Amino acid sequence: RNVLTDNTGTKALAATDANCVLMCSYASGATTVTIPDPSASTVGVIFYVVQTANQNLVVTATTANGNSIVCDGVATSDNVTISTSSHKIGAGMIVIGISATQWYIGGLNPASPLTPEAAD
């Protein structure tokens with residue numbers, strides 16, 4: 001797998017980054033990772049995103065209010081957050097292109113619950 005790093009707090013991923021592991025280490029606030037809008041070219045694409053600093057991790061869709069994410073029983077949403085308020089360094093998410101219209105986001109650690117934004 002290709003390993004990407006980010007220490008700026010914002011990172012945009014593309015379908016060409018498929019199967020990458022993104023290591024986020026921004027220590028001055030939340031890291032926001034933007035994933036591409038789902039399409040036929042993102043079906044089967046997988047991203048692994050890990051926060052290595054004691055900061056929140058947010059994965060969001062490119063188009064706001066697009067309702068293109070499925071997470072933890074929430075049928076559609078725009079972003080998913082892992083809060084590190086309990087010092088969960090190393091918290092992470094897996095992002096999988098499950099269709100041409102939606103991404104699935106799951107947690108890599110059950111001790112770090114995901115908070116999906118409600119659908120618009």
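Predicted, not measured: the structure shown is a model, and the values here were computed from it.
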K.L.:
Sequence neighbours left out, what pairs pass ring pair (Phe, Tyr, Trp, His ring centres under 6.0 Å) with at least one residue falling in residues 95-120?
P.N.:
F47-W103
K.L.:
About how many Å separate CD1 of I98 and CD1 of I69, when rounded to the nearest 0.5 Å?
P.N.:
10.5 Å
K.L.:
Please find the pair of heavy atoms, one from A27 and one from A53, that lie closest to each other, and give the distance.
P.N.:
CA-CB, 4.1 Å
K.L.:
Rounded to the nearest 0.5 Å, what separates atom CG in D6 from atom SG in C24?
P.N.:
5.5 Å
K.L.:
With side-chain contact (heavy atoms from CB on, under 4.5 Å) as the test, would you mind laying out the steps for T31 and Q55 before giving the verdict?
P.N.:
CA-CA 7 Å; T31 294; Q55 299 294 333; 5.5 Å; no
K.L.:
For residues L114 and C71, report the shortest heavy-atom separation together with the two atoms involved.
P.N.:
CD1-SG, 3.8 Å
K.L.:
With a 4.5 Å cut-off on side-chain heavy-atom distances among I, L, V, M, F, W and Y, is there a chain of contacts connecting V70 to I94?
P.N.:
yes
K.L.:
Do any N or O atoms from the side chain of D78 and from the backbone of G66 form a donor-acceptor pair under 3.5 angstrom?
P.N.:
yes
K.L.:
Please report the interatomic distance CG(L13) to CD1(I35), rounded to the nearest 0.5 Å.
P.N.:
8.0 Å
K.L.:
To the nearest 0.5 Å, what is the distance between NZ on K11 and OG1 on T5?
P.N.:
7.0 Å
K.L.:
Indicate, with yes or no, if I46 and V21 share a hydrophobic cluster defined by side-chain heavy-atom contacts under 4.5 Å among Ile, Leu, Val, Met, Phe, Trp and Tyr.
P.N.:
yes
K.L.:
If you round to the nearest 0.5 Å, how far is OG1 of T52 from OH of Y26?
P.N.:
13.5 Å
K.L.:
Let me confirm one number: the CD1-OG1 distance from I82 to T115, rounded to the nearest 0.5 Å.
P.N.:
8.5 Å
K.L.:
May I have all residue pairs that pass side chain to side chain donor-acceptor pair (under 3.5 Å) and include part of residues 57-68, sequence neighbours excluded?
P.N.:
D37-T63
K.L.:
Look only at the side chain of T34 and the backbone of A61, and say whether a donor-acceptor pair between them is shorter than 3.5 Å.
P.N.:
no
K.L.:
Using side chain to side chain contact (heavy atoms under 4.5 Å, CB included) as the criterion, list what pairs up with S39, not counting sequence neighbours.
P.N.:
S41, T42
K.L.:
Would Y48 and V3 show up in the same hydrophobic cluster when neighbours are defined by side-chain heavy atoms closer than 4.5 Å?
P.N.:
yes
K.L.:
Mark yes or no for whether Q102, through its side chain, and P38, through its backbone, hold a donor-acceptor pair below 3.5 Å.
P.N.:
no
K.L.:
Considering all heavy atoms of both residues, which atom of L4 and which atom of C20 are nearest to each other, and what is their separation?
P.N.:
CD1-SG, 3.7 Å
K.L.:
Locate the shortest heavy-atom distance separating L57 from A91; write the atom from each residue and the value.
P.N.:
CD2-O, 4.1 Å
K.L.:
So which atom in M93 and which in V59 form the shortest heavy-atom distance, rounded to 0.1 Å?
P.N.:
SD-CG2, 3.6 Å
